[in-house]
Peer 1: 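My structure is below; once you've seen it, I'll send some questions.
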Amino acid sequence: MVIVLFGAPGVGKGTQAEILAEKLGIAHLSTGAAFRSAIQRATPIGLVAKEYVERGGLVPDDVVAKVVEEALAGSDFERGCILDGFPRTRAQAEALETMLQQLGRSIDRVVNIDVDDATIVARLLQRGRSDDREDVIQHRLDVYNAETAPLLDFYGSHGILVSVHGVGSVDEVNQRILDVLRS
Ligand code: B4P
């Protein structure tokens, strides 16, 4: 099973992906977490990613694709995976299709988590990660609307998109996601 968790920054993709991976017994790939780890270790990918992540921009598509391609080739991904924060552009969505085709797989469901902007800003300010400053959050939301939100139409036209309301307790949102995955 290949599931994409989709939505604006701070809707809870990472939070939900971790719980779902555990419950469904499949791997979890967060491109955001992969970049934060690479930045901390100052790897070549981390050095490139740093300036984009800190400013709330998108890491270049070819760098992102390299990280995902390596992860998908790992043995822990054989049973399926949850992709959290990827794809974020049309080029990434197309690259993902090619990668999955080569592995004889396809996306089963794209789960869009829907949260209003005011709640997103409040959540992220409370978390206070280094890219959770108000100006950077606003930029991340603008980038999401310009580059990532158009993928909703792309996946909608493929008939694999489902949406859940992302405001409520973490458990409530998780149950909504499990319900749409089972329906
Ligand atoms: P990500 O790591 O993907 O982070 P995110 O979109 O900001 O957050 P997410 O939706 O996962 O929210 P979370 O569960 O953490 O991206 C960071 C950066 O990496 C990007 O800005 C970009 O620069 C780069 N990047 C990543 N992927 C990329 C790609 N494919 N292409 C290019 N660049 C890429 O939750 C947020 C907060 O809300 C947490 O504090 C959590 O505890 C809280 N929360 C969650 N659920 C809640 C609930 N139900 N109620 C209350 N609070 C809740």
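In listed order, ligands and their atoms are each counted from 1.
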Peer 1: Any nitrogen or oxygen of Ser30, main chain or side chain, under 3.5 Å from a nitrogen or oxygen of ligand 1?
Peer 2: no
Peer 1: Do Arg41 and Ser37 pair up side chain to side chain, a donor and an acceptor below 3.5 Å, judged on atom types alone?
Peer 2: yes
Peer 1: Suppose we measure from atom 27 (N) of ligand 1 to each protein heavy atom; which comes out shortest, and what is that distance?
Peer 2: Thr31 OG1, 2.7 Å
Peer 1: In Å, rounded to the nearest 0.5 Å, how long is the span from CZ of Arg182 to CG of Leu178?
Peer 2: 5.0 Å
Peer 1: Give a yes or no on whether Arg129 atom CZ has more than 12 heavy-atom contacts from other residues, nucleotides or ligands under 6.0 Å away.
Peer 2: yes
Peer 1: State, yes or no, whether a side-chain contact exists between Thr89 and Leu58 at a heavy-atom distance under 4.5 Å.
Peer 2: yes
Peer 1: Between Gln92 and ligand 1, is there a nitrogen or oxygen pair with a distance under 3.5 Å?
Peer 2: yes
Peer 1: I'd like to know whether ligand 1 has Thr119 as a neighbour, heavy-atom separation below 4.0 Å.
Peer 2: no
Peer 1: Given Glu147, Arg140, Glu51, Arg127, identify the one with the heavy atom nearest to atom 39 (C) of ligand 1.
Peer 2: Arg127
Peer 1: Out of Ala91, Gly32, Gly10, whose heavy atom is nearest to atom 5 (P) of ligand 1?
Peer 2: Gly10
Peer 1: Is there any N or O on Gly57 that sits under 3.5 Å from an N or O of ligand 1?
Peer 2: yes
Peer 1: Is Leu58 in polar range of ligand 1, meaning some N or O pair under 3.5 Å apart?
Peer 2: no
Peer 1: For atom 24 (C) of ligand 1, what is the closest protein heavy atom, and at what distance to 0.1 Å?
Peer 2: Val53 CG2, 3.9 Å
Peer 1: Is Lys13 salt-bridged to Asp84, cutoff N-O under 4.0 Å?
Peer 2: no
Peer 1: Judged on heavy-atom distance to atom 3 (O) of ligand 1, which of Gln126, Arg88, Glu172, Lys50 sits nearest?
Peer 2: Arg88
Peer 1: Pairs of nitrogen or oxygen atoms closer than 3.5 Å, one from Val59 and one from ligand 1: do any exist?
Peer 2: yes
Peer 1: Would you mind listing which atoms of ligand 1 come within a distance below 4.0 Å of any non-hydrogen atom of Thr15?
Peer 2: 13 (P), 14 (O), 35 (O), 41 (C), 45 (C)
Peer 1: Are Asp179 and Gln175 close enough that a side-chain donor and a side-chain acceptor fall under 3.5 Å?
Peer 2: yes
Peer 1: Checking a contact table here: which protein heavy atom is nearest atom 47 (C) of ligand 1, and how many Å away?
Peer 2: Arg123 CZ, 3.5 Å
Peer 1: Using a strict 4.0 Å cut-off to heavy atoms of Leu124, name the atoms of ligand 1 that fall inside it.
Peer 2: 36 (C)
Peer 1: Would you verify whether the NZ or CZ of Arg55 falls within 45 degrees of the ring axis of Tyr52 while also being under 6.0 Å from that six-membered ring's centre?
Peer 2: yes
Peer 1: Enumerate, atom names and distances included, each donor-acceptor pair closer than 3.5 Å involving a side-chain atom of residues 100-111, sequence neighbours excluded.
Peer 2:
from: Arg105; atom 1: NH2; to: Glu78; atom 2: O; distance (Å): 2.1
from: Asp108; atom 1: OD2; to: Val2; atom 2: N; distance (Å): 2.7

Peer 1: Please confirm whether Arg129 approaches ligand 1 to less than 4.0 Å, judged on its heavy atoms.
Peer 2: yes
Peer 1: Taking only heavy atoms of Val11 into account, list the atoms of ligand 1 that are under 4.0 Å away from them.
Peer 2: 10 (O)
Peer 1: Suppose we measure from atom 49 (N) of ligand 1 to each protein heavy atom; which comes out shortest, and what is that distance?
Peer 2: Gly168 O, 2.9 Å
Peer 1: Is there a side-chain contact between Phe35 and Val59, using heavy atoms and a 4.5 Å cut-off?
Peer 2: yes
Peer 1: Does a side-chain heavy-atom distance below 4.5 Å link Leu72 with Val68?
Peer 2: yes
Peer 1: Report yes if some N/O of Gly14 lies less than 3.5 Å from some N/O of ligand 1; otherwise report no.
Peer 2: yes
Peer 1: When you measure from the heavy atoms of Arg36 to every atom of ligand 1, does any distance fall below 4.0 Å?
Peer 2: yes
Peer 1: Lys13 heavy atoms, cut-off 4.0 Å: which ligand 1 atoms fall inside?
Peer 2: 6 (O), 9 (P), 10 (O), 11 (O), 12 (O), 14 (O)
Peer 1: List the atom pairs, donor and acceptor, that lie under 3.5 Å between side-chain atoms in residues 142-154 and the rest of the protein, sequence neighbours left out.
Peer 2:
from: Asp142; atom 1: OD1; to: Gln138; atom 2: NE2; distance (Å): 3.2
from: Asn145; atom 1: ND2; to: Leu141; atom 2: O; distance (Å): 3.2
from: Thr148; atom 1: OG1; to: Arg88; atom 2: O; distance (Å): 2.7

Peer 1: Check this for me: does any side-chain nitrogen of one of Asp61 and Lys66 sit under 4.0 Å from a carboxylate oxygen of the other?
Peer 2: no
Peer 1: For ligand 1, which is the ligand I care about here, please tell me if Phe35 has any N or O atom under 3.5 Å from one of the ligand's N or O atoms.
Peer 2: no
